[in-house]
Amino acid sequence: VQLQASGGGLVQPGGSLRLPCAASGSIFSINFMGWYRQAPGKQREMVASITNDGSTVYGDSVKGRFTISRDNAKNTVYLQMNSLKPDDTAVYLCVAAGVRPLNGGPPSNYWGQGTQVTVSS
């Protein structure tokens, strides 16, 4: 199973970006998909998560500005980021947890390679 994140880039403060992350491979179902971020010199931070029934959780620093969604048919999770601030600058990593393979094996967790988001004027 591979996770491919994209959509990062340079954006001005107050701007918006949308990050998709698509999971591919032997996938029967994915329980949990989410986004974390890692800024230089800081601990990895949970940004947002969503379960396969649509329940969401957001980090305190992004509540009201970011929205997570997913397309189960496409095994894809999206992060809509609005009102971006310089403090949002980080590498954004997507994660898929509780991934059940088509062969009925045990569930596993996977991380994507990350996409850089830079918020600067």
Side-chain angles (χ1 to χ4, degrees):
V1 174
Q2 292 185 331
L3 298 181
Q4 182 67 48
S6 60
L10 174 64
V11 63
Q12 292 186 342
S16 298
L17 281 176
R18 186 176 187 241
L19 307 182
C21 177
S24 61
S26 175
I27 299 171
F28 176 73
S29 65
I30 303 174
N31 181 34
F32 164 107
M33 300 188 80
W35 290 92
Y36 283 71
R37 65 187 183 187
Q38 179 90 60
K42 295 185 179 180
Q43 289 188 331
R44 185 172 293 187
E45 177 187 13
M46 195 282 287
V47 177
S49 66
I50 185 168
T51 61
N52 56 6
D53 65 357
S55 297
T56 58
V57 176
Y58 293 92
D60 288 341
S61 62
V62 307
K63 285 179 181 177
R65 300 187 297 122
F66 292 10
T67 302
I68 190 169
S69 60
R70 64 188 280 179
D71 184 334
N72 290 332
K74 296 181 179 180
N75 291 323
T76 299
V77 63
Y78 304 94
L79 185 67
Q80 177 67 43
M81 305 186 295
N82 298 330
S83 303
L84 283 161
K85 305 174 182 179
D87 283 349
D88 295 318
T89 296
V91 174
Y92 283 71
L93 304 127
C94 64
V95 59
V99 181
R100 292 190 175 276
L102 293 170
N103 64 6
S108 299
N109 304 331
Y110 300 92
W111 287 87
Q113 86 288 358
T115 185
Q116 176 70 46
V117 172
T118 302
V119 185
S120 175
S121 55

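What you see below is based on every heavy atom in this structure, not just the backbone, and it leaves out hydrogens, waters and symmetry mates.
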Distance, nearest 0.5 Å, that separates [atom1] of [X] from [atom2] of [Y]:
| X | Y | atom1 | atom2 | answer |
| --- | --- | --- | --- | --- |
| C21 | Q4 | SG | CD | 8.0 Å |
| S121 | L10 | OG | CG | 9.5 Å |
| F28 | N103 | CZ | CG | 11.5 Å |
| I68 | S55 | CD1 | OG | 11.5 Å |
| K74 | S24 | NZ | OG | 14.5 Å |

Are [X] and [Y] linked, directly or through other ILVMFWY residues, by side chains that come within less than 4.5 angstrom of each other?
| X | Y | answer |
| --- | --- | --- |
| V95 | I50 | no |
| M33 | V91 | no |
| I30 | Y110 | yes |
| V1 | Y36 | no |

- Please check if the side chain of T89 supplies one atom and the backbone of V119 the other of a donor-acceptor pair under 3.5 Å.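 Yes: the side chain of T89 pairs with the backbone of V119.
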- Do side-chain atoms of T115 reach the backbone of G8 as a donor and acceptor pair under 3.5 angstrom?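 Looks like yes, one N/O pair under 3.5 Å.
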- Is it the case that more than 12 heavy atoms not belonging to Q116 sit under 6.0 Å from its CD atom? yes
- Message: Looking at R100, I want to see if its CZ is surrounded by more than 12 non-hydrogen atoms of other residues, nucleotides or ligands under 6.0 Å.
- Response: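 Counting other residues, nucleotides and ligands, CZ of R100 stays at 12 neighbours or fewer.
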- Message: Using side chain to side chain contact (heavy atoms under 4.5 Å, CB included), reason through M81 and L19 one step at a time and then give a plain yes or no.
- Response: CA-CA 8 Å; M81 305 186 295; L19 307 182; 3.8 Å; yes
- Using a strict cut-off of less than 4.0 Å between a Lys/Arg side-chain nitrogen and an Asp/Glu carboxylate oxygen, indicate whether K63 and D60 qualify as a salt bridge.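 Salt bridge flag = yes for D60 with K63.
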- Task: Report the C-alpha distance between N82 and S16 in whole Å, list the side-chain angles of each, state the deciding distance to 0.1 Å, and finish with yes or no for side-chain hydrogen bond (donor to acceptor under 3.5 Å, both in side chains).
- Result: CA-CA 4 Å; N82 298 330; S16 298; 2.9 Å; yes
I'd like to check [X] versus [Y] (side-chain heavy atoms, cut-off strictly below 4.5 Å). Are they in contact?
| X | Y | result |
| --- | --- | --- |
| R65 | K85 | yes |
| L3 | V77 | no |
| N75 | R70 | no |
| V47 | L79 | yes |
| P86 | P13 | yes |
| F32 | S49 | yes |
| L17 | L84 | yes |

- Is NZ or CZ of R18 both nearer than 6.0 Å to the six-membered ring centre of Y78 and within 45° of the ring axis? yes
- When the aromatic ring centroids of F66 and W35 are compared, is their separation below 6.0 Å? no
- With distance as the sole criterion, is a donor-acceptor pair present between the side chains of R37 and Y92 under 3.5 Å?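 There is such a pair between these side chains.
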- Message: Does E45 form a side chain to side chain contact (heavy atoms under 4.5 Å, CB included) with S61? I'd like the steps, not just the answer.
- Response: CA-CA 10 Å; E45 177 187 13; S61 62; 2.9 Å; yes
